[in-house]
Amino acid sequence: MRYIQTVKYLDGLNDAQKRAVLAKDGPISVLAGAGSGKTRVLTTRIYHLVREGVPADQILAVTFTNKAAREMRARVRSLLGAEEAAPRSGAANDNPSSTNHPLPFVATFHGLGRELLEKYGKVIGIPRFFSVYDRDDSEKAIAVALKALDVETKELSPRAVLGRISRAKGEGMRASEFYEKHARTGFGGRIVAEVWLRYEKALAAEKALDFDDLIALPVRLLQEHADVRALAQDRWRYMHVDEYQDTSVLQSRLTNLLVGKHKNLFVVGDIDQCVYTWRNATIENLLKFDATYPDAQMIILERNYRSTKNLVDAANSVIEKNKNRKEKHSTTEQAAGEPITVHMARSAEDEARWIALKIRELIKKGIKPEEVAILFRTNFQSRALEEGLLRAGVPYKLLGTHFFSRKEVKDTLAWIRLAMEPSREVDKLRAAASPPRGIGKVTLGKLAAGQRSLLRAGELSKVEQFELVITELSQAAAFLTPSAFVRLVIEKSGMRRALFEEGSAEDRERFENVEEIASVAARHDHIPGKEGIAAFLAESALAGDQDEMDQGEKTGVTLMTVHAAKGLEFNTVFVSGMEEGLFPHQGMGNEKDRDEEEERRLFYVAMTRAKERLFLTLARIRKIYGIDTAAEPSSFLADIDSALMLYDETENHDIFF
């Protein structure tokens, strides 16, 4: 293989990057460490293929998010548009920036699936123009199917049914196959099977598909129709997949079907950053790539261009504890930089204050707020962090939904307000629907209009049960402490059952946000009864107003979960909640929700977001469900060489008060 040293687009690439860019034919896997320039390699390789005479419209590139696809598409177009006017073998047009110049197809997996179905789906009965149901549309359709089967949503929620259908579709199963397998396996399996059949009919009637169909149906199309498969394989002779470690079994199957006889598959990924197995990603696709394609080349990008040497060495020491990985050791030519600062605060609130103070100091030294990120393992942690930044006057933006704006938090607060004042119609409407208990707007409208006598027996029974719960809560509010009252609301309302006991992994994380409400309420436990609960509600309302005011703020420190931070980078990163059971997460007490190696990969992702500074913080005491709970330092801290860390024991707990 020869290097084209004189070509400008190869300038600045290291040897491994050049090998990846210049590798043309056959299957190729690129193991790309954090900060190793993988996106540049991928887009430059696409450009190189065009330079080598591959028609641009025979090149396919797939990634996971619309944002990533837009950025990749823009980079590829920029490279093609910036090409010098030198002749290019096989090129149909010497002006690649012209509007009629063919371009590579760059999309998400779902975008690729839609393209395949629009182009070739007629052979499996897919209309040329179809709509796509979002999750809310799907849940509504499933709710209709449940109602038709006389199944109460409190017995089986549309969300839970959709989750089970989605998992089955992700395994390549059809509704008819699921029915044959589960129709006689008990109430839950039978109902899901029957609902799925009705759901499929509803989709067909609307000429619609759901998001899972956009992967499952193209796989079926290509598997069952060799002529279509050949057309698709000839259309795209060179396929690229970014973030290959995050592909599911079905996405990998779709990839393999498209690659087919040409075998020109170029995948880029990092096993050490596989953190989405709860979304059906499987690390095995990348781990076993050379078994699937025995003649594959493997190229490892180990040089980190992002972080200082101390940060790179620390991240290596953490991730190398994992056993289920490909050997890869990141290096850097950057200076050693600052040591990692570790701080243990007395409480979550003190931790937030300490972080806010440090950020104020950094801003005074010239660091822009936009160059700072605060990462957390679970959403409920954002509440204390937001509060600390607000009180310190540090501008921030929360990636995601502000704590008091989250649906599950609003639902719980509606229940609490309703217990304090049962005549609140708006809260009654929200509480009746969350969790669902078969009481609709029409029924509540009759009650509000004084038409109780018009209710059918079934409606009246549900209303009376609902009102009984409200009465019990209202009576309990007179003597319980605010945190104990919130815990009772969570139990009596059915929140625990709906989100924790019967919910998905995402629902259980939402339940942690609900539990955090009890921790906020505990601040007012010195005032028992309704007076203390009223004080808590007033505080929550104020926090909610502040959140809304901040919605328009586009600059400032970024708060987000570690999962959301994947793919981003910042000058300075704070990782909060470095406590055993929180990070690594204990999985809400459910062992199947905990994967020690994935948690370590997630910590590796958090560490490698930082360019120059990394702060790891934790609390000695953290309120869990409103109760003070002693915390142990995360076991991950012991994985880092102590020579790379500096312990800051400054308290600063009274700095803002």
Next item on the list: Output all residues satisfying ring pair (Phe, Tyr, Trp, His ring centres under 6.0 Å) with H225, sequence neighbours left out; order by chain, then residue number.
Entry: none
Checklist line | ring pair (Phe, Tyr, Trp, His ring centres under 6.0 Å) partners of F574, counting only residues at least two apart | finding: F615
Next item on the list: Taking the side chain as every heavy atom from C-beta outward, state whether I319 and F603 have any atom pair closer than 4.5 Å.
Entry: no
Note to self: Please check this pair: side chain of T608 against backbone of V605, looking for a donor-acceptor N/O pair closer than 3.5 Å.
What the structure shows: yes
Next item on the list: Could you pull out the closest heavy-atom pair between A145 and V195, with the gap in Å?
Entry: CB-CG1, 3.9 Å
Notebook entry, point to check: Could you go step by step and tell me if D137 and K140 meet the salt bridge (charged side-chain N to carboxylate O under 4.0 Å, His left out) rule?
Noted result: CA-CA 5 Å; D137 294 329; K140 287 177 180 176; 5.5 Å; no
Checklist line | Shortest non-hydrogen contact from V30 toward A20 | finding: CG2-CB, 4.1 Å
Notebook entry, point to check: Distance-only, no hydrogens or angles: does the Q58 side chain make a donor-acceptor pair with backbone N or O of V54 under 3.5 Å?
Noted result: no
Margin query: Looking at E509 and R406, is any side-chain nitrogen of the basic one under 4.0 Å from a carboxylate oxygen of the acidic one?
Written below: no
Check: Checking S138 side chain against D134 main chain: does a donor-acceptor pair fall under 3.5 Å?
Finding: yes
Notebook entry, point to check: K566 versus Q273: any side-chain heavy-atom pair under 4.5 Å?
Noted result: yes
Margin query: Show the nearest heavy-atom pair for residues V575 and A606, with the distance to one decimal.
Written below: CG2-CB, 4.0 Å
Check: Do N256 and Y293 have side chains that get closer than 4.5 Å, going by heavy atoms?
Finding: yes
Note to self: Please enumerate all residues that pass salt bridge (charged side-chain N to carboxylate O under 4.0 Å, His left out) together with K323, with sequence neighbours excluded.
What the structure shows: none
Notebook entry, point to check: Is a side-chain donor or acceptor of S307 paired with a backbone partner of A610 at a separation under 3.5 angstrom?
Noted result: yes
Next item on the list: Could you verify whether a donor N or O on one side chain and an acceptor N or O on the other, from T277 and R601, lie under 3.5 Å apart?
Entry: no
Margin query: Is the ring pair Y9/Y47 parallel, tilted or perpendicular, if the boundaries are 30 and 60 degrees?
Written below: perpendicular
Next item on the list: For the pair E194 and R198, find out whether any cationic side-chain nitrogen is under 4.0 Å from an anionic carboxylate oxygen.
Entry: no
Check: For L287, what residues pass the side chain to side chain contact (heavy atoms under 4.5 Å, CB included) criterion, not counting sequence neighbours?
Finding: I271, I283, E284, N324, K326
Notebook entry, point to check: If you take all heavy atoms of E206 and S131, which pair is closest and at what distance?
Noted result: O-OG, 4.0 Å
Checklist line | Where at least one partner belongs to residues 217-229, residue pairs that pass salt bridge (charged side-chain N to carboxylate O under 4.0 Å, His left out), sequence neighbours excluded | finding: R174-E224
Check: Which residues satisfy the ring pair (Phe, Tyr, Trp, His ring centres under 6.0 Å) test with Y238, sequence neighbours excluded?
Finding: none
Margin query: Any non-hydrogen side-chain atom of R45 less than 4.5 Å from a side-chain atom of V268?
Written below: no
Check: Does the distance from a Lys or Arg side-chain N to an Asp or Glu carboxylate O, for E115 and K119, drop under 4.0 Å?
Finding: no
Next item on the list: Under the salt bridge (charged side-chain N to carboxylate O under 4.0 Å, His left out) rule, what do E599 and R377 come out as? Steps first, then yes or no, please.
Entry: CA-CA 10 Å; E599 288 293 306; R377 174 61 181 84; 2.7 Å; yes
Note to self: Quick one: does any side-chain atom of E171 pair with a main-chain N or O of A168 as donor and acceptor, under 3.5 Å?
What the structure shows: no
Item checked: K181 vs E177, salt bridge (charged side-chain N to carboxylate O under 4.0 Å, His left out): CA-CA, chis, key distance, verdict -> CA-CA 6 Å; K181 184 175 181 180; E177 294 169 338; over 6 Å; no
Check: Can any side-chain N or O of E302 pair as donor or acceptor with the backbone N or O of H329 at less than 3.5 Å?
Finding: yes
Check: Parallel, tilted or perpendicular for H110 and F211, by the 30°/60° rule?
Finding: perpendicular
Notebook entry, point to check: Can you name the nearest heavy-atom pair linking K18 to L13, along with the distance?
Noted result: CE-O, 3.3 Å
Notebook entry, point to check: Charged N to carboxylate O under 4.0 angstrom, K169 versus D210?
Noted result: yes
Next item on the list: Walk me through it: do F403 and F380 pass the test ring pair (Phe, Tyr, Trp, His ring centres under 6.0 Å)?
Entry: CA-CA 7 Å; F403 181 79; F380 82 85; 8.4 Å; no
Checklist line | Ionic contact status for E139 with R135, cut-off 4.0 Å | finding: yes
Margin query: Are the side chains of F266 and L49 in contact, using a 4.5 Å heavy-atom criterion?
Written below: no
Next item on the list: Anything under 30° is parallel, anything over 60° is perpendicular, the rest tilted; go ahead and classify H563 against Y276.
Entry: tilted
Note to self: Would you say that R159 contacts L162 through its side chain, given a criterion of any heavy-atom pair below 4.5 Å between the two side chains?
What the structure shows: no
Margin query: Quick check: closest heavy atoms across A565 and M560, and the distance to 0.1 Å?
Written below: CA-SD, 3.4 Å
Check: Will you find, in the side chains of H585 and E512, an N or O donor that is under 3.5 Å from an N or O acceptor?
Finding: yes
Notebook entry, point to check: Below 4.5 Å, heavy atoms only, C-beta onward: do L22 and L10 meet side chain to side chain?
Noted result: yes
Note to self: For the backbone of V249 and the side chain of S252, can you confirm whether one donor and one acceptor N or O come within less than 3.5 Å of each other?
What the structure shows: no
Item checked: Main-chain N/O of S248 paired to N285 side chain as donor or acceptor, under 3.5 Å -> yes
Next item on the list: State, without any angle test, whether Y604 and N322 hold a side-chain donor-acceptor pair at a distance under 3.5 Å.
Entry: no
Notebook entry, point to check: Do the side chain of N316 and the main chain of S330 share a donor and acceptor less than 3.5 angstrom apart?
Noted result: yes
Next item on the list: Side-chain contact test, heavy atoms from C-beta onward, threshold under 4.5 Å: evaluate it for Q223 versus R253 and give yes or no.
Entry: yes
Margin query: Donor-acceptor pair, distance only, cut-off 3.5 Å: does the side chain of N304 make one with the backbone of S36?
Written below: no
Next item on the list: Answer yes if the side chains of H262 and D234 hold a donor-acceptor pair under 3.5 Å, and no otherwise.
Entry: yes
